[in-house]
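Residue numbers count from 1 along this sequence.
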Amino acid sequence: RSSCLRRSKGRGRSAPCEIVGRDDHGRTLTAPLHWRQQRNSGAGLERCIFCEPEREILAQNARAIAVLDAFPVSPGHALVLPRHHVATIWDLDPDEYADCFALARDLRLILESRFNPDGFNVGANCGEAAGQSVSHAHIHVIPRYEGDTPNPRGGVRHVIPLKGNY
């Protein structure tokens, strides 16, 4: 594990975080050090990929931004990213949480205009057991299209194979 910098609460200051590995696409995964001293001070510095995403910002508000997902599961798949670096949406304060979901609502209108989907899945993976691969809270807004899957009934219930049908 090595050290990195992350943006602190959108104020432009850098705060320490820890590189904890790489995801399946080779992207650096980070976790905040929670103000602990950096352990490997001689290591190269890297940034959290969600603290300062290098892609078009689709929408934003005081506490969150929305960007297209770098590895979309459908055209228009986007992410709502809180400006404050926390591991999961459960770690957001109530105002940050509310602003993230308000931005998801605003983002829907943008995605409808640009991609003309027939529906949406909205969700967050919280923790490794839930499939979270980047340790920075984020909400997926996934446009869905007629015929993109043979039977969409059950939607997000299908995250556990064979459990979605009822």
Side-chain angles (χ1 to χ4, degrees), residues 4-15 17 22-32 46-160 164:
C4 65
L5 294 176
R6 67 171 173 84
R7 187 161 241 167
S8 177
K9 297 187 181 184
R11 293 189 183 101
R13 294 190 311 257
S14 293
C17 65
R22 299 210 177 264
D23 69 8
D24 294 339
H25 304 288
R27 296 177 295 195
T28 301
L29 303 179
T30 64
E46 294 187 47
R47 297 178 310 191
C48 167
I49 62 171
F50 287 172
C51 283
E52 298 180 40
E54 297 177 358
R55 51 193 113 156
E56 175 191 5
I57 295 175
L58 300 172
Q60 60 185 313
N61 62 27
R63 295 183 178 91
I65 64 171
V67 299
L68 290 174
D69 191 293
F71 301 94
V73 299
S74 74
H77 178 176
L79 302 172
V80 173
L81 309 171
R83 295 178 190 271
H84 179 192
H85 183 107
V86 295
T88 74
I89 62 170
W90 308 127
D91 301 316
L92 294 166
D93 73 34
D95 291 332
E96 291 169 324
Y97 186 92
D99 277 1
C100 284
F101 279 95
L103 189 58
R105 186 180 321 125
D106 296 342
L107 178 60
R108 176 187 65 103
L109 299 174
I110 295 165
L111 297 176
E112 284 177 337
S113 172
R114 284 177 67 169
F115 297 96
N116 197 31
D118 299 305
F120 288 91
N121 288 114
V122 177
N125 302 323
C126 299
E128 189 175 335
Q132 185 176 7
S133 62
V134 178
S135 188
H136 182 124
H138 55 285
I139 302 165
H140 293 264
V141 179
I142 303 172
R144 298 297 304 272
Y145 302 90
E146 290 290 330
D148 65 1
T149 186
N151 181 10
R153 184 175 181 195
V156 297
R157 295 174 55 89
H158 289 283
V159 298
I160 299 176

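Residues passing the salt bridge (charged side-chain N to carboxylate O under 4.0 Å, His left out) test with D99, sequence neighbours excluded: R63. The side-chain contact (heavy atoms from CB on, under 4.5 Å) test applied to E146 returns D118, not counting sequence neighbours.
V80 and L107 make their closest contact through CG2-CD2, 4.0 Å (heavy atoms, listed as atom of the first residue, atom of the second, distance). Nearest approach of I142 to S74, heavy atoms of both residues: CG2-OG, 3.6 Å. For the residue pair D93 and D95, the shortest heavy atom distance occurs at OD1-N, 3.0 Å. Residues G76 and L111 come closest through the heavy atom pair O-CD2, 3.4 Å. Across N121 and G155, no two heavy atoms sit closer than the pair ND2-CA, 4.3 Å. In terms of heavy-atom proximity, G127 sits nearest to T88 at N-CG2, 4.0 Å.
Within the 6.0 Å centre-distance limit, the rings of H140 and H138 are counted as a close aromatic pair.
Atom CG of L68 is separated from atom CZ of R55 by 8.5 Å, given to the nearest 0.5 angstrom. For the atom pair CG (N125) and CD (Q132), the distance works out to 7.0 Å, reported to the nearest 0.5 Å. With rounding to the nearest 0.5 Å, the separation of CG in L103 from CD1 in I139 is 8.5 Å. Note that SG of C100 and CG of L81 are 8.0 Å apart. Values are rounded to the nearest 0.5 Å.
Listed for the Y145 side chain is no donor-acceptor partner under 3.5 Å among the backbone atoms of N116. Put simply, the side chain of E56 never gets that close to the backbone of L58: no donor and acceptor are under 3.5 Å apart. In this structure, the side chain of H85 does not engage the main chain of R83 through any donor-acceptor pair within 3.5 Å. For the pair S135 (side chain) and A87 (backbone), a donor-acceptor distance under 3.5 Å is absent.
Contact check for T149 versus R144: side-chain heavy atoms found under the 4.5 Å cut-off. Considering only heavy atoms from C-beta on, L79 comes within 4.5 Å of F50 through its side chain. Counting heavy atoms from C-beta outward, P82 and H136 have side chains that approach closer than 4.5 Å. In this structure the side chain of R108 never reaches within 4.5 angstrom of the side chain of V141, judged on heavy atoms.
Sorted by first and then second residue, the ring pair (Phe, Tyr, Trp, His ring centres under 6.0 Å) pairs with a member in residues 101-120 read Y97-F101; sequence neighbours excluded.
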